[in-house]
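Let me begin by presenting the structure, written as structure tokens, before commenting on it.
Just so it is clear: chains get the letters A, B, ... in the order the sequence lines come, proteins before strands, and each one is counted from 1.
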Number of protein chains: 2
Amino acid sequence: MRRMTARPANAHQARLLRLLRDGGPNSRAQLGDQVDLSRSKLAVEVDRLLETGLVVADGLAASRGGRRSHNIRLAPGLRFLGVDIGATSVDVAVTNAELEVLGHINQPLDVREGPVAVFEQVLAMAAKLKASGLAEGFDGAGIGVPGPVRFPEGVPVAPPIMPGWDGFPVREALSQELGCPVMVDNDVNLMAMGEQHAGVARSARDFLCVKIGTGIGCGIVVGGEVYRGTTGSAGDIGHIQVEPDGRQCACGNKGCLEAYFSGAALARDAEEAAREGRSDELAALLEGAGKLSAADVAVAAAAGDATALDLIREGGNRTGQVIASLVSFFNPGLVVIGGGVTGLGHTLLAALRTQVYRQSLPLATGNLPIVLGELGPTAGVIGAARLISDHLFSPA
Amino acid sequence: MRRMTARPANAHQARLLRLLRDGGPNSRAQLGDQVDLSRSKLAVEVDRLLETGLVVADGLAASRGGRRSHNIRLAPGLRFLGVDIGATSVDVAVTNAELEVLGHINQPLDVREGPVAVFEQVLAMAAKLKASGLAEGFDGAGIGVPGPVRFPEGVPVAPPIMPGWDGFPVREALSQELGCPVMVDNDVNLMAMGEQHAGVARSARDFLCVKIGTGIGCGIVVGGEVYRGTTGSAGDIGHIQVEPDGRQCACGNKGCLEAYFSGAALARDAEEAAREGRSDELAALLEGAGKLSAADVAVAAAAGDATALDLIREGGNRTGQVIASLVSFFNPGLVVIGGGVTGLGHTLLAALRTQVYRQSLPLATGNLPIVLGELGPTAGVIGAARLISDHLFSPA
DNA sequence: GACTCTTTGTCCTGTGACTGGAGAAAGTCG
DNA sequence: CGACTTTCTCCAGTCACAGGACAAAGAGTC
């Protein structure tokens, strides 16, 4: 199949494509209700879109008491590739034009091996998805990386946990390899976009999306648009200082939030507690696996282990203090918690909420939901697909 | 003179009005270079604006080698009223349509006396400016208040330092009294708009404006637009906790930034130091006046008083920690420091910079200027005039 | 089955927005 | 005084768009 070549010729067409993406198949009449255009003008633009092949008219809908309508939908063969590169694993998924996940693979990975090795793996995963018959090719790809990105160029800049990636032209290189348009963004921003598109943040305009995985980051959405900051490092809250002259952090500073709470810090603290004999539960888990992860702490906590619960509560308190500051500053309408440690579930959430509701002003917290993301690991890949579709579904 | 009755009929006219406001008088040809319109269309819109009386053509500019151009400018009789209500004083100014301050009055005030008493005073000040011949009437007024505002309605909500104002319909009441359109906003947001219009932030798109006066607040500008948050309390950083279980704050919580550094806290600490005999300089000032203010600390510091310098440094360090967090989170392109305590000058700035540059990631601080505002007390009133002119110079 | 009513989609014409060229007006410069 | 520039105006042609008329295709009613 020939890949998507055309782009919307004007803002009307872009609008229509996004409506079809977000609302599924629609008749011309239904589309007309959602855009501020006359039926005639709308028909013209729909016809032009049909000519380009971006949308198709297939079949007739059931009558609602009158003439049956044509189903207008995005071309069913369109495929987007969503890639979410984490510090220790990578998610690759294929979606259709409506951003529904058709296939999804997760594999372990060490991002420090550098872009060449990582992309080899990612391309192999993409090829696997293609081979399974889910896609004959990709019309676009969105890539998430765990660090700041100069967004317009799609190039990571000074990423602390992936030093070999600094300045690597991710967008250009992958665009060449995949033979389709590519957009690159911070993984946290993609999670925010994913939850906004298909998750808990569907109706939110100004919200924060805190991702606690190997590190901690925060996606910022202002007026429905991701805010990336002047140099692309906005939301980098992992290195906010929570303890003057505190624990040494990998970034070189002392007392960073990430040094106290994150997947990595939690695993380290749990191992220490196990070795020091403060928790039989954790010691048993350590015995079995040789090392511990945040998931092990979740298991121990679920079994009622007091030490594990304490670790979670303490980390949640620290993180909650930072979030409380951000809530005072940013006054969001919603805070979404996501990332690997969401397995810690209600214990974590309770600690976060306590801190935020206690420390921020009532006006800012009065009607502020703090909730877990509902998409889990698919948030990132859906966000990635959304990123590239937003790009492709806008006037050239 | 009849007041401004017309409003721009479309986006083109609004654009032209703002160009004339920000760039001063212009010929049709110069305007044509700045908007994406043909000369013919431009001429039509300019003619329509001339008909409404919003702009006038007065005189011919010097020739630049050809036919002399007509000077198109905003109607010279247009007058905006800018009001900046602080906790302990109020600024009222008149500007022309280009937002140049024609007259400016400052008076002490206690905002806790409530809206009725305050507006009586403000209206008297406005009348005084009118009586001095600067204005025959006002075409619009912008009002800044020291607390959160539900922006669309122009109503303060749950303002901690001015409880009597909660829910008072400021916009409606003043619009009635003044007989012109009124817009209301937080005083910190107005300062940010002022510095953006005519001060250090002229070319900044994403920046923070930290105002340290009786309290501490922060104006947030995203993409050139003020961000107000979900309930209008964005930027309320005075009650971020900087010390767990720390000093009691007026808001009811403990350890808030404002409890450690602000005009009020600084005055209190200085008085304490004077009474405890830790500073002869401050003791002498206290002797003379019976009480101390932030300005007294500035005087003592300028005279080399070690205790005063320490107070400033310590407060600057605390505030710098918070700003460092915000810089990591928001990644601004500029941080402006303003408000009453800017008299503390370089000592304060040095403390702030040290903290921010040490604690935030290099990517976020690499090219980040942290500077004092250059407009001083006029920032607020210029911002207020800008607020209402933005409103009036937009399509109805 | 004839009739009316509803819904959907197409066609056509009139209007207003806009562009770009021609040219007039008003100046400078050699 | 002519050549050239810059500014501004006028005009005709093009394009976007709205809205009405109408055709197509169905449901419901008697």
Side-chain angles (χ1 to χ4, degrees), chain A residues 6-20 23-74 394-396, chain B residues 6-20 23-74 394-396:
Chain A
R7 288 277 290 278
N10 57 42
H12 294 316
Q13 293 185 16
R15 180 83 205 285
L16 291 171
L17 290 174
R18 291 181 191 210
L19 279 175
L20 291 170
N26 261 294
S27 68
R28 288 179 176 83
Q30 285 173 313
L31 287 173
D33 293 342
Q34 298 174 73
V35 297
D36 198 23
L37 282 177
S38 65
R39 290 192 310 282
S40 8
K41 178 58 180 169
L42 179 97
V44 169
E45 296 299 350
V46 170
D47 284 346
R48 287 186 191 156
L49 284 174
L50 287 168
E51 276 172 35
T52 66
L54 282 173
V55 307
V56 298
D58 62 338
L60 296 170
S63 167
R64 301 192 307 155
R67 175 174 173 176
R68 293 166 66 191
S69 61
H70 294 272
N71 261 333
I72 309 292
R73 66 171 72 214
L74 291 168
S394 61
Chain B
R7 287 278 290 277
N10 57 42
H12 295 314
Q13 293 185 15
R15 179 84 204 285
L16 291 171
L17 290 174
R18 292 182 189 209
L19 280 174
L20 291 171
N26 261 294
S27 68
R28 288 179 176 84
Q30 285 172 313
L31 288 173
D33 293 341
Q34 298 173 74
V35 296
D36 198 23
L37 281 178
S38 65
R39 289 190 310 283
S40 355
K41 177 61 179 166
L42 179 95
V44 170
E45 296 299 349
V46 169
D47 284 346
R48 288 186 190 157
L49 284 173
L50 286 168
E51 276 174 34
T52 66
L54 282 173
V55 307
V56 298
D58 63 339
L60 296 169
S63 166
R64 299 192 307 155
R67 175 174 171 176
R68 292 166 65 191
S69 61
H70 294 274
N71 262 334
I72 308 292
R73 68 170 70 214
L74 290 168
S394 60

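- Evaluation of the side-chain contact (heavy atoms from CB on, under 4.5 Å) rule for Ala9(A) yields Gln13(A) as partners, not counting sequence neighbours.
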Checklist line | Letter per nucleotide, 5' to 3', of nucleotides 12-21 of chain D [B base touched, S only sugar-phosphate touched, - untouched; heavy atoms, 4.0 Å] | finding: -----SBB-B
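- Atom CG in Leu50(B) sits roughly 13 Å away from atom C1' in dC8(D) (whole-Å rounding).
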Between the protein and nucleotides 1-3 of chain D, which nitrogen or oxygen pairs come in under 3.5 angstrom?
none

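- With sequence neighbours left out, Val35(B) forms a side-chain contact (heavy atoms from CB on, under 4.5 Å) with Arg15(B), Leu16(B), Leu19(B), Leu37(B), Leu42(B).
- Applying the side-chain contact (heavy atoms from CB on, under 4.5 Å) criterion to Ser38(A), with sequence neighbours excluded, gives Ser40(A), Lys41(A).
- Of the possible polar contacts, one joining the Asn26(B) side chain to the Gly24(B) backbone as a donor-acceptor pair under 3.5 Å is found.
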Let me check something: any side-chain donor-acceptor pairs from residues 49-67 of chain A under 3.5 Å, sequence neighbours excluded? List them with distances.
| unit_1 | atom_1 | unit_2 | atom_2 | d |
| --- | --- | --- | --- | --- |
| Thr52(A) | OG1 | Leu49(A) | O | 2.6 |
| Thr52(A) | OG1 | Leu54(A) | N | 3.2 |
| Asp58(A) | OD1 | Arg73(A) | NE | 3.1 |
| Asp58(A) | OD2 | Arg73(A) | NE | 3.1 |
| Ser63(A) | OG | Gly65(A) | N | 2.9 |
| Ser63(A) | OG | Gly66(A) | N | 3.0 |
| Ser63(A) | OG | Gly66(A) | O | 2.7 |

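- Between Pro8(B) and Ser394(B) the shortest heavy-atom distance is CG-O, 3.5 Å.
- The nucleotide range of DNA chain C contacted by chain A, defined by atoms under 4.0 angstrom from heavy atoms of the protein and reported 5' to 3', is dT6(C) to dC12(C).
- Sequence neighbours left out, the pairs with a member in residues 24-39 of chain B that pass salt bridge (charged side-chain N to carboxylate O under 4.0 Å, His left out) are Arg28(B)-Asp47(B).
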Below 3.5 Å between N/O atoms, which protein atoms pair up with nucleotides 26-30 of chain D? Just atom names and distances, please.
| unit_1 | atom_1 | unit_2 | atom_2 | d |
| --- | --- | --- | --- | --- |
| dG26(D) | N2 | Gly65(A) | O | 3.2 |

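- Remark: Ala43(A) engages no residue in a side-chain contact (heavy atoms from CB on, under 4.5 Å) (not counting sequence neighbours).
- Contacts of Arg68(B) classified as salt bridge (Lys or Arg N to Asp or Glu O under 4.0 Å), with partners at least two apart in sequence or in another chain: none.
- Rounded to the nearest 0.5 Å, atoms CD1 (Ile72(A)) and OG (Ser27(A)) are 8.0 Å apart.
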